[in-house]
Visitor: 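There's a structure below that I have some questions on.
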Amino acid sequence: MEVIIKETYDEMSIAAAKSVAQVLNTKPNAVLGMATGSTPLGLYKELVRMHKEESLDFSQVTTFNLDEYVGLPVTHDQSYHYFMHENFFKHVNIPRQNIYIPSGTTSNYEAFCQWFEQRISELGGIDVQILGIGSDGHIAFNEPTSSLSSRTRLKTLAKQTIDDNARFFDKPEDVPIYAITMGVGTILEAEKLLLVANKKNKAWAVAAAVEGPVTSMVTASALQLHPNAEVYVDRDAAGELKMADYYEWIQKMKPGAPQR
Ligand code: PGA
């Protein structure tokens, strides 16, 4: 796992966006795994800037989103369909038919989840999966005790996640309780994982994911099982990392490392 600590949110977002752009530059028809939440907004803003100012091309790209709330229509301003359209898709040139987001309104969740997984494999798998992390250590909506080999499925959200999300809704009772989410096993099959985290309230989850035991109690700790995982954090989110000096030393020494 590579841990990249940046002083600010903007620096963190730019570094993470560069890593995504690198994949696109070597594979223009890459399959991108997208995440929602407030953390990846800076990363998306930078990718949009690269598209507008540096001709970063998305015309052959396919995307799969991690998750969606159950019960919210795609037009609801808190649905992840709406979020992705507003914050990313409407600003870049990804063909509409190449965008896959789990459905929160399907009549058959089991069949939908199976189809979603099947589409990911038919398209050759995800090249780079962007991830946020919940304050309880979840990735996507894989709440504590989700199997580390879980697949796309319907999930009941944890109380802490519902409370964390309440700030986006008018009334607490409007916060969805169920979601459809890629599983940890689905996520681990991506070629590269790229997790972003900022702010102090993520410091515990980041330390547990990077330095704690691999456990379904912190599903982000499954990144330790992945051969190509990058974790981008700002100084606040890095606050509880015991090995922070070592991670910074590695980054500093990287340019001089022997080339393969
Ligand atoms: P956030 O959500 O980026 O809004 O903090 C992260 C997550 O729960 O995955």
Side-chain angles (χ1 to χ4, degrees), residues 6 8-10 12-13 15-17 20 32-47 64-70 72 76-84 86-88 101-102 104 126 128-146 148 150 152-153 155-169 175-184 186-188 190 193-210 216-223 229-240:
K6 295 288 178 186
T8 66
Y9 173 71
D10 285 350
M12 176 200 91
S13 302
V20 176
L32 302 186
M34 314 303 287
T36 49
S38 49
T39 317
L41 282 173
L43 189 172
Y44 294 150
K45 199 171 134 203
E46 176 62 9
L47 287 177
F64 285 92
N65 261 80
L66 286 171
D67 45 17
E68 177 58 289
Y69 289 122
V70 164
L72 296 191
H76 191 290
D77 65 0
Q78 291 307 324
S79 80
Y80 290 167
H81 280 76
Y82 186 91
F83 175 100
M84 286 309 301
E86 285 304 304
N87 293 301
F88 190 58
I101 304 177
I126 293 170
V128 53
Q129 176 64 59
I130 298 164
L131 297 164
I133 183 170
S135 61
D136 64 359
H138 70 211
I139 43 174
F141 275 134
N142 294 290
E143 301 287 29
T145 71
S146 288
L148 299 186
S150 51
T152 304
R153 70 211 182 287
K155 189 77 197 154
T156 306
L157 301 183
K159 184 75 174 60
Q160 186 168 345
T161 302
I162 295 171
D163 292 347
D164 285 351
N165 291 341
R167 68 189 194 277
F168 299 116
F169 292 83
V175 188
I177 294 167
Y178 307 99
I180 183 164
T181 182
M182 271 191 214
V184 181
T186 321
I187 292 168
L188 287 178
L193 301 181
L194 193 159
L195 185 143
V196 280
N198 71 315
K199 295 195 183 154
K200 272 202 170 63
N201 69 322
K202 297 291 173 68
W204 175 84
V206 167
V210 174
S216 63
M217 286 300 288
V218 177
T219 53
S221 67
L223 265 69
E230 298 173 0
V231 175
Y232 292 84
V233 285
D234 75 348
R235 185 58 66 190
D236 286 341
E240 290 189 34

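Counting starts at 1 for both ligands and their atoms, following the listed order.
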Visitor: Under the side chain to side chain donor-acceptor pair (under 3.5 Å) test against Ser135, which residue among Lys202, Gln160, Lys199 passes?
Guide: Gln160
Visitor: Which word best sums up how the rings of Tyr69 and Phe169 line up, parallel for under 30°, tilted for 30 to 60°, or perpendicular for over 60°?
Guide: perpendicular
Visitor: Check Met12 against Ala197 and note the closest heavy-atom contact, atom names and distance.
Guide: SD-O, 3.2 Å
Visitor: With sequence neighbours left out, what residues match Tyr232 under ring pair (Phe, Tyr, Trp, His ring centres under 6.0 Å)?
Guide: none
Visitor: Yes or no on side chain to side chain donor-acceptor pair (under 3.5 Å) for Ser146 and Arg153, after CA distance, side-chain angles and deciding distance?
Guide: CA-CA 11 Å; Ser146 288; Arg153 70 211 182 287; 3.2 Å; yes
Visitor: What are the two closest non-hydrogen atoms of Ala35 and Ile130, and how far apart are they?
Guide: CB-O, 3.4 Å
Visitor: Show the distances, to 0.1 Å, for all pairs joining an N/O atom of ligand 1 and a protein N/O atom that are shorter than 3.5 Å, listing one pair per line.
Guide:
residue  : atom  : partner : partner atom : Å
ligand 1 : 3 (O) : Ser38   : N            : 3.2
ligand 1 : 3 (O) : Thr39   : N            : 2.9
ligand 1 : 3 (O) : Thr39   : OG1          : 2.4
ligand 1 : 4 (O) : Ser38   : N            : 2.9
ligand 1 : 4 (O) : Ser38   : OG           : 2.9
ligand 1 : 5 (O) : Lys202  : NZ           : 2.5
ligand 1 : 8 (O) : His138  : NE2          : 2.7

